[in-house]
Amino acid sequence: MRVEGRESKIASDLLAHYDVHARRLPWRAPPGSNATDPYRVWLSEVMLQQTTVAAVGPYFAKFTERWPSVEALAAAADADLMAAWAGLGYYARARNLLACARAVTSDHGGVFPDTEDGLRALPGVGAYTAAAVAAIAFGRRAVVVDANVERVVARLFAITTPLPAARPAIREAADRITPDARAGDFAQAMMDLGATICTSRNPACGICPLRADCAAVLTADPAAFPVKAAKKAKPHRLGHAFWIERADGHVWLARRPDKGLLGGMRGLPGSAWNDVPDPTPPFAGAWQTLEPPVAHVFTHFSLALTVHAIQVNQGHVPSGAGEWWPIDRLAEAGLPTLFVRAAETAMKKEDVSDARH
DNA sequence: AAGCCGTGGGG
DNA sequence: TCCCCAAGGCT
């Protein structure tokens, strides 16, 4: 529940700054326009989950061009959508995006629910995204809390409880400063502030519109907020991947299981990834081991993937789910970045051997 | 409910 | 180089 006083001053200070300094972003209505398309708001919010504005830009342009409405997206083939998402990461988002578009199209007549609860029931829409879409697309008062808001609020009120334990208190504080009017602008203003001024490291307190409202700026180190619990060490794993190239210029791509890491994506066949992976190739032959391994860092472990390559004849039939893919069109396969690197390793090897002839 | 789930950029 | 982290959701 919002109260008057210091809280309302924060909102008015921030909105006044936002009216002048709002970032121009592809998914925002142009200044002075109230034309917010819920489809574009929702699509951008899902893409922006744990993902930078810079990374989302080209994907948002590609998606809205190819699928201009939720109905168009709902009609997309699964493989096409997964391939279009390739490289953006967190692939469960892509599967949920499609499920959500189909739910909106079939269960809601192609119209997004306009309440937080209605949105929250959709696949891939959690507390943050439901609040953000309700506020930004539908003008409803909603308490929008993402990592930016957590940081700004923790500083405004100098909250010393470490995350994640501080979440309830941060949310209550965010509720108190959220205005009844312009909740969507307020949410976006908070995120703009967190992205450009109240940054995680080296916040620009000198130019902050909330400087006079901020408790942390009075402390020795405003950047020390929010306090965070120590994080666990990231384990290192090993793995083997197999580049199986057919004489007619095709490579065998496996289809990964729908759930789990890189779920539902194409990739090179290979071993499990662990401390002592099985290096045995899927069949015997003149395998060539390529050095060095591909180094890749995931959210919760790092990986060294050793690539092994072989040439097979036309009649070769690999095991497991997958397909032969033309190597000169590999960019269209929608490979996750790890396998793009692995493929580059294999093809660089071929360039070298070709050059020697 | 803590762990799982990608990737690229910046300090 | 290495570490941090970015408009989180799901189980």
Side-chain angles (χ1 to χ4, degrees), chain A residues 22-23 25-28 40-60 82 85-97 99-100 119-137 142-152 163-165 167 171 174 184 186-196 198-203 223 226 228-237 256-265 267 273 294-303 305 334-341:
Chain A
R23 288 183 292 173
L25 299 174
W27 43 88
R28 280 186 186 167
R40 293 167 64 89
V41 174
W42 160 76
L43 178 62
S44 70
E45 289 301 340
V46 173
M47 287 184 165
L48 286 161
Q49 288 166 7
Q50 298 288 288
T51 308
T52 58
V53 165
V56 165
Y59 284 86
F60 183 80
M82 298 307 288
W85 194 276
L88 198 53
Y90 283 138
Y91 298 99
R93 290 186 297 171
R95 298 192 296 276
N96 286 328
L97 190 82
C100 181
L119 291 159
R120 180 68 182 79
L122 295 168
V125 177
Y128 162 76
T129 303
V133 174
I136 297 168
V143 182
V144 179
V145 183
D146 75 323
N148 287 303
V149 176
E150 283 186 348
R151 184 171 57 254
V152 172
L163 287 173
R167 292 243 155 81
R171 192 199 157 72
F186 178 76
Q188 295 180 89
M190 287 286 278
M191 294 190 277
D192 274 17
L193 187 75
T196 62
C198 194
T199 51
S200 182
R201 286 168 291 193
N202 302 319
K228 293 185 179 178
K231 55 174 51 181
K232 291 177 52 178
K234 190 173 287 196
H236 188 66
R237 297 182 187 169
R256 299 178 61 81
D258 278 330
K259 299 193 174 185
L261 192 69
L262 309 178
M265 305 298 287
W273 303 337
V294 175
H296 196 76
V297 181
F298 292 100
T299 304
H300 56 294
F301 67 95
S302 57
L303 174 69
L305 186 68
L335 292 177
T337 299
L338 167 67
F339 293 117
V340 172
R341 303 276 179 260

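Keep in mind that what you see is a predicted model, and the values were worked out from it rather than measured. Residue numbering restarts at 1 for every chain, and letters A, B, ... go by the order of the sequence lines. Computed over heavy atoms, backbone and side chain alike; hydrogens, waters and symmetry mates excluded.
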* Let me know the distance between NZ of A/Lys232 and C1' of B/dC4, rounded to the nearest Å. =>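 Checked: the NZ to C1' distance equals 11 Å.
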* After noting the C-alpha distance and the side-chain angles of A/Asn148 and A/Asp192, does the key distance pass the side-chain contact (heavy atoms from CB on, under 4.5 Å) rule? -> CA-CA 8 Å; A/Asn148 287 303; A/Asp192 274 17; over 6 Å; no
* **Whole angstrom value for the distance that separates P of B/dG6 from CG of A/Leu48** =>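 Interatomic distance, CG of A/Leu48 to P of B/dG6: 18 Å.
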* Side chain to side chain, A/Lys234 and A/Val297, heavy atoms closer than 4.5 Å ->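 A/Lys234 vs A/Val297: side chains touch.
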* Can you tell me how far the NE2 atom of A/His300 sits from the NZ atom of A/Lys231, to the nearest 0.5 Å? ->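 These two atoms lie 13.5 Å from each other.
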* What pairs with A/Ala131 under side-chain contact (heavy atoms from CB on, under 4.5 Å), at least two apart in sequence or on another chain? ->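 A/Ala131: side-chain contact (heavy atoms from CB on, under 4.5 Å) contacts with A/Glu116, A/Ala142, A/Val144.
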* Could you tell me whether A/Val297 contacts a base, only the sugar-phosphate backbone, or nothing, with contacts defined as non-hydrogen atoms closer than 4.0 Å? =>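 Base, at least one base heavy atom under 4.0 Å.
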* Option from A/Leu122, A/Ile136, A/Leu97 for which side-chain contact (heavy atoms from CB on, under 4.5 Å) with A/Trp42 holds ->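 Single pass found, and it is A/Leu97.
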* To do: Write down the distance between CZ (A/Phe301) and C1' (B/dT7), rounded to a whole number of angstrom.
  =>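 So the CZ-C1' distance, A/Phe301 to B/dT7, works out to 13 Å.
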* Have a look at A/Leu262 and say if it touches a base, only the backbone sugar-phosphate, or nothing, with a 4.0 Å heavy-atom cut-off. =>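 Answer is sugar-phosphate: A/Leu262 comes under 4.0 Å of backbone atoms only.
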* To do: Report yes or no: does A/Arg40 contribute a side-chain atom to a donor-acceptor pair with the main-chain N or O of A/Phe60 at less than 3.5 Å?
  =>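 No, the answer is negative, given that no donor and acceptor are paired below the 3.5 Å cut-off.
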* Between B/dG8 and C/dG9 - P atom distance, rounded Å ->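 Roughly 22 Å separates the two P atoms.
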* On DNA chain C, nearest-nucleotide positions of A/Pro123 versus A/Trp27: which is more 5'? ->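 Counting from the 5' end, the first nearest nucleotide belongs to A/Trp27.
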* Quick one: list whatever passes ring pair (Phe, Tyr, Trp, His ring centres under 6.0 Å) with A/Phe298, sequence neighbours left out. =>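 Checked A/Phe298 against ring pair (Phe, Tyr, Trp, His ring centres under 6.0 Å); matches are A/Trp273, A/His296, A/Phe301.
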* Please name all residues satisfying salt bridge (charged side-chain N to carboxylate O under 4.0 Å, His left out) with A/Arg171, sequence neighbours left out, ordered by chain then number. =>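 A/Arg171: no salt bridge (charged side-chain N to carboxylate O under 4.0 Å, His left out) contacts found.
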Taking only N/O atoms, report every protein-nucleotides 8-11 of chain B pair under 3.5 Å with atom names and distance.
residue: B/dG8; atom: OP1; partner: A/Thr337; partner atom: OG1; Å: 3.4

* To do: Using a 4.0 Å heavy-atom cut-off across all strands, classify A/Ala187 as base, sugar-phosphate, or nothing.
  =>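 If one applies the 4.0 Å heavy-atom cut-off, A/Ala187 turns out to touch nothing in the nucleic acid.
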* Asked: A/Met47 has an atom CE; how far is it from atom C1' of B/dT7, in whole Å?
  ->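 Those two atoms, CE and C1', are 14 Å apart.
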* How is A/Ile136 classified with respect to the nucleic acid when contacts are heavy atoms under 4.0 Å: base, sugar-phosphate, or nothing? ->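 Nothing, no nucleic acid heavy atom in range.
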* Asked: Nearest-Å distance, CG (A/Leu97) to P (B/dC5)?
  ->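 In whole Å, B/dC5 P and A/Leu97 CG are 20 Å from each other.
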* Asked: With side chains defined as the heavy atoms from C-beta onward, is the minimum distance between A/Phe339 and A/Arg256 less than 4.5 Å?
  ->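 A/Phe339 vs A/Arg256: side chains touch.
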* To do: Return the 5'-most residue of the pair A/Pro164, A/Leu335 with respect to DNA chain B, ranking by each residue's nearest nucleotide.
  =>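 First, find each residue's nearest nucleotide; the 5'-ward one identifies A/Pro164.
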* To do: Look at all strands and tell whether A/Ala147 reaches a base, only sugar-phosphate, or nothing, counting heavy atoms closer than 4.0 Å.
  =>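 Answer is sugar-phosphate: A/Ala147 comes under 4.0 Å of backbone atoms only.
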* **Atom-to-atom span, CZ of A/Arg95 to P of B/dC5 - whole angstrom** =>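 These atoms are roughly 10 Å apart.
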* Contact class for A/Ser44 vs. all strands (heavy atom < 4.0 Å): base, sugar-phosphate, or nothing? ->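 Here A/Ser44 touches no strand at all.
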* Asked: A/Arg23 or A/Val125: which one's nearest nucleotide on DNA chain C is closer to the 5' end?
  ->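 Its nearest nucleotide lies further toward 5', so the answer is A/Arg23.
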Would you be so kind as to tabulate the donor-acceptor pairs closer than 3.5 Å made by side chains of residues 49-58 of chain A, with sequence neighbours excluded?
residue: A/Gln49; atom: NE2; partner: A/Thr129; partner atom: OG1; Å: 3.0
residue: A/Thr51; atom: OG1; partner: A/Met47; partner atom: O; Å: 3.4
residue: A/Thr51; atom: OG1; partner: A/Gln49; partner atom: O; Å: 2.8
residue: A/Thr51; atom: OG1; partner: A/Arg93; partner atom: NH1; Å: 3.1
residue: A/Thr51; atom: OG1; partner: A/Arg93; partner atom: NH2; Å: 3.3
residue: A/Thr52; atom: OG1; partner: A/Ala55; partner atom: N; Å: 3.3

* Name the nucleic acid region contacted by A/Lys234, choosing base, sugar-phosphate or nothing; use a 4.0 angstrom heavy-atom cut-off, strictly under. =>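 Contact class for A/Lys234: none.
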* Take atom P in B/dC4 and the same atom in C/dA7, then report the distance between them in whole Å. =>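 About 24 Å, rounded to a whole number of Å.
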* Looking at every strand, decide which applies to A/Thr51 at a 4.0 Å heavy-atom threshold: base, sugar-phosphate, or nothing. =>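 Base contact.
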* Asked: Can you tell me how far the CD atom of A/Glu150 sits from the OH atom of A/Tyr128, to the nearest 0.5 Å?
  ->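 Result: 12.0 Å between the selected atoms.
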* **First and last nucleotide of DNA chain C, 5' to 3', lying under 4.0 Å from heavy atoms of chain A** =>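 The footprint of chain A covers C/dC4 to C/dC10.
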* Kindly say if A/His300 contacts the phosphate of B/dG3, meaning a side-chain N or O under 4.0 Å from OP1 or OP2. =>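 No, A/His300 has no side-chain N/O under 4.0 Å of OP1/OP2 on B/dG3.
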* Length of the line joining A/Asn96:CG and B/dC5:P, which is rounded to integer Å ->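 Result: 15 Å.
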